[in-house]
Amino acid sequence: MASSIPKPPSALNCQSYVGLRPPQRTFNFCLPQAATKSFPSRLFVVRASDSDFEAAVVAGNIPQAPPVPPKPAAPVGTPVVPSLPLHRRPRRNRKSPAMRSAFQETSISPANFVYPLFIHEGEEDTPIGAMPGCYRLGWRHGLVEEVAKARDVGVNSIVLFPKIPDALKSPTGDEAYNENGIVPRTIRLLKDKYPDLIIYTDVALDPFSSDGHDGIVREDGVIMNDETVHQLCKQAVAQAQAGADVVSPSDMMDGRVGALRAALDAEGFQHVSIMSYTAKYASSFYGPFREALDSNPRFGDKKTYQMNPANYREALTEMREDESEGADILLVKPGLPYLDIIRLLRDNSPLPIAAYQVSGEYAMIKAAGALKMIDEEKVMMESLMCLRRAGADIILTYSALQAARCLCGEKR
């Protein structure tokens, strides 16, 4: 049988192998064939060992490599100046994509998103004019399909906002705690379809109120605090019974977090979390949302219960009250115009911080993108990263699906 063996190592002439290329020459010899069976010839090649390469380098036979690259030329007219005597040049850590990625302090992933979804009793998905790409989803079909799309790209948390028929609205918002209302029905449907889906709910009376306010309105226009809290407790319990994971009081009534915690615990829902809208400002950025739910106040405004946009320290008061009453998550709303408030809560509370990138923020990015004034996708992702950098652990954003697809490398 024909075979081969390499030249013995002692006979290796390193001068013949500049660049330490493996030897190519072999010696063939014949072995006697067995009398009863013949074998096809097979070639065996043994390459030089690591010690052979090391010995060649020690002997001065250095492998060839690309030359030192030339120094890039400056443009004509660049002044010749001595180097600045800098001990530290921060740009060194930003000089390449790999370096920037290695030292990036803030990250963002689909797991950081909570996807707000509007639902209604109809079968068809109705577009919302002021919020391009958003719809009032039919609770039985369109919603389920949208949740499936979100889960496909890693968004497994949603928050529900219902559009309630006018005929079901009342001054006291009783439909809010109807066990067969649209929100409990939807929760049950989604939990049956996706048991591990995290469902946040909104706890407030404005979608159910004939007055469009977050609480019960007295005849003189005053929003009644304690009576409203009583209704909110019934609403939160109805949502928990349906399977909600997190109830989210957005009403800004005093004392509602403690009351909700007590009501939930009394009904055996100790496992249900409370995400409090801790610093919810009386902002002008909410307009498109109110169009989506047809929940604008019938008179006046919400300044007697939502916070003054000019106030900073007041957020600490709200934070301390919510912490002491048992909140599990603290939320700031709106998001991008209130990065200082997000950072304030982050620096003063050990609890998770949520930020709500509200409808006005979403609509502005969409409108500017449609007019080609900005790169919509890049601005969207930058705005979300800024919310994370400010200290938000989770972000409620209407861009959740679009942003998650970007993070996953999809283009749709």
Side-chain angles (χ1 to χ4, degrees), residues 109-117 119 147 150-151 154-162 176-177 179 181 183-184 186-192 194-205 214 229 231-280 315 318-333 335 342 345-346 348-357 387-388 391-397 400:
S109 79
N112 299 126
F113 300 145
V114 179
Y115 194 10
L117 295 171
I119 54 175
V147 170
R151 285 165 60 88
V155 178
N156 198 45
S157 299
I158 64 163
V159 57
L160 298 171
F161 294 102
Y177 52 86
E179 294 179 1
V183 172
T186 300
I187 296 170
R188 296 197 299 268
L189 175 69
L190 290 175
K191 281 296 185 179
D192 181 67
Y194 309 114
D196 63 334
L197 178 69
I198 304 301
I199 300 179
Y200 291 71
T201 56
D202 181 49
V203 178
L205 296 186
D214 292 50
V229 170
Q231 298 289 79
L232 298 178
C233 288
K234 291 191 285 185
Q235 181 183 16
V237 168
Q239 294 170 350
Q241 287 174 337
D245 298 283
V246 185
V247 297
S248 310
S250 64
D251 57 289
M252 291 298 287
M253 298 297 119
D254 294 335
R256 88 274 203 212
V257 172
L260 262 60
R261 184 73 274 162
L264 290 168
D265 290 354
E267 295 295 329
F269 297 114
Q270 292 88 349
H271 61 284
V272 174
S273 303
I274 297 176
M275 179 175 71
S276 173
Y277 283 55
T278 297
K280 181 179 181 181
E318 295 285 355
M319 179 199 76
R320 289 165 184 153
E321 289 299 315
D322 288 352
E323 283 183 331
S324 67
E325 292 177 22
D328 300 288
I329 307 164
L330 309 178
L331 182 141
V332 177
K333 181 181 180 182
I342 297 171
L345 268 58
R346 172 73 291 146
N348 287 277
S349 176
L351 294 178
I353 304 299
Y356 200 142
Q357 187 181 52
L387 293 168
R388 288 275 294 149
D393 297 287
I394 58 173
I395 303 168
L396 284 69
T397 174

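In this structure, the separation between CD on Glu267 and NZ on Lys234 is 12.0 Å, given to the nearest 0.5 Å. One distance of note links CG of Leu160 with CD1 of Ile199; it measures 6.0 Å at 0.5 Å rounding. Between the CG atom in Asp322 and the CZ atom in Arg256 there is a gap of 5.5 Å [rounded to 0.5 Å]. A distance of 4.5 Å separates CD1 in Ile353 from CZ in Arg346, rounded to the nearest 0.5 Å. Taking OG1 of Thr186 as the reference point, atom CD1 of Ile119 lies at 3.5 Å (rounded to 0.5 Å). In this structure, OG1 in Thr201 is found 9.5 Å from CZ in Phe161, a value given to the nearest 0.5 Å.
For Tyr356, the side-chain hydrogen bond (donor to acceptor under 3.5 Å, both in side chains) test picks out Tyr398, with sequence neighbours left out. Ala279 meets the side chain to side chain contact (heavy atoms under 4.5 Å, CB included) test with Tyr281, Met307, Ala315, Val332, Ile341; sequence neighbours excluded. Take Asp265 and apply the side-chain hydrogen bond (donor to acceptor under 3.5 Å, both in side chains) test, not counting sequence neighbours, and it matches Arg261. Evaluation of the side-chain hydrogen bond (donor to acceptor under 3.5 Å, both in side chains) rule for Asp245 yields Lys191 as partners, not counting sequence neighbours. For the side chain to side chain contact (heavy atoms under 4.5 Å, CB included) test, residues two or more places apart in sequence or in another chain that qualify with Glu179 are Gln241. Glu318 is linked by a side-chain hydrogen bond (donor to acceptor under 3.5 Å, both in side chains) to nothing, counting only residues two or more places apart in sequence or in another chain.
Considering all non-hydrogen atoms of both residues, Ile342 and Ala355 come closest at CD1-CB, 3.7 Å. A pairwise comparison of heavy atoms in Leu264 and Ala240 identifies CD2-CB, 3.8 Å as the closest pair. For the residue pair Gln235 and Leu205, the shortest heavy atom distance occurs at OE1-CD2, 4.3 Å. Taking both residues in full, the closest heavy atoms of Val155 and Phe113 are given as CG1-O, 4.0 Å, listed atom of the first, atom of the second, then distance. Minimum interatomic distance between Asn348 and Glu323 (heavy atoms only, all atoms of both residues): O-OE2, 4.3 Å. Here the shortest heavy-atom pairing between Leu387 and Gly335 reads CD2-C, 3.5 Å.
Contact annotation: the side chain of Leu331 never approaches that of Ser248 to less than 4.5 Å [non-hydrogen atoms, C-beta and beyond]. Proximity of Val246 to Val114: side-chain heavy atoms (C-beta onward) are nowhere separated by under 4.5 Å. The closest side-chain heavy-atom distance from Cys233 to Leu260 is below 4.5 Å. Using a 4.5 Å cut-off on side-chain heavy atoms (C-beta onward), Asp202 and Val183 make no contact. Residues Ile158 and Ile198 have side chains not in contact (no heavy-atom distance under 4.5 Å, counting atoms from C-beta outward). Met275 is listed as a side-chain neighbour of Ile394, based on a closest heavy-atom distance under 4.5 Å. Two residues are said to be in side-chain contact when any heavy atoms from C-beta on lie closer than 4.5 Å; Glu321 and Val257 fail this criterion.
Comment: Lys280 does not engage Asp251 in a salt bridge, judged by the lack of any side-chain N to carboxylate O separation of less than 4.0 angstrom.
Put simply, the side chain of Asn112 gets close to the backbone of Ser109: a donor and an acceptor are under 3.5 Å apart. Distance alone, capped at 3.5 Å, places no donor-acceptor pair between the Arg388 side chain and the Gly391 backbone.
A side-chain contact (heavy atoms from CB on, under 4.5 Å) with Pro249 holds for exactly one of Ile274, Thr278, Asp214; it is Ile274.
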Practice prompt. Apply the test side chain to side chain contact (heavy atoms under 4.5 Å, CB included) to residues Asn156 and Leu197: give CA-CA distance (whole Å), side-chain angles for both, the deciding distance (0.1 Å), then the verdict.
Written response: CA-CA 6 Å; Asn156 198 45; Leu197 178 69; 3.6 Å; yes

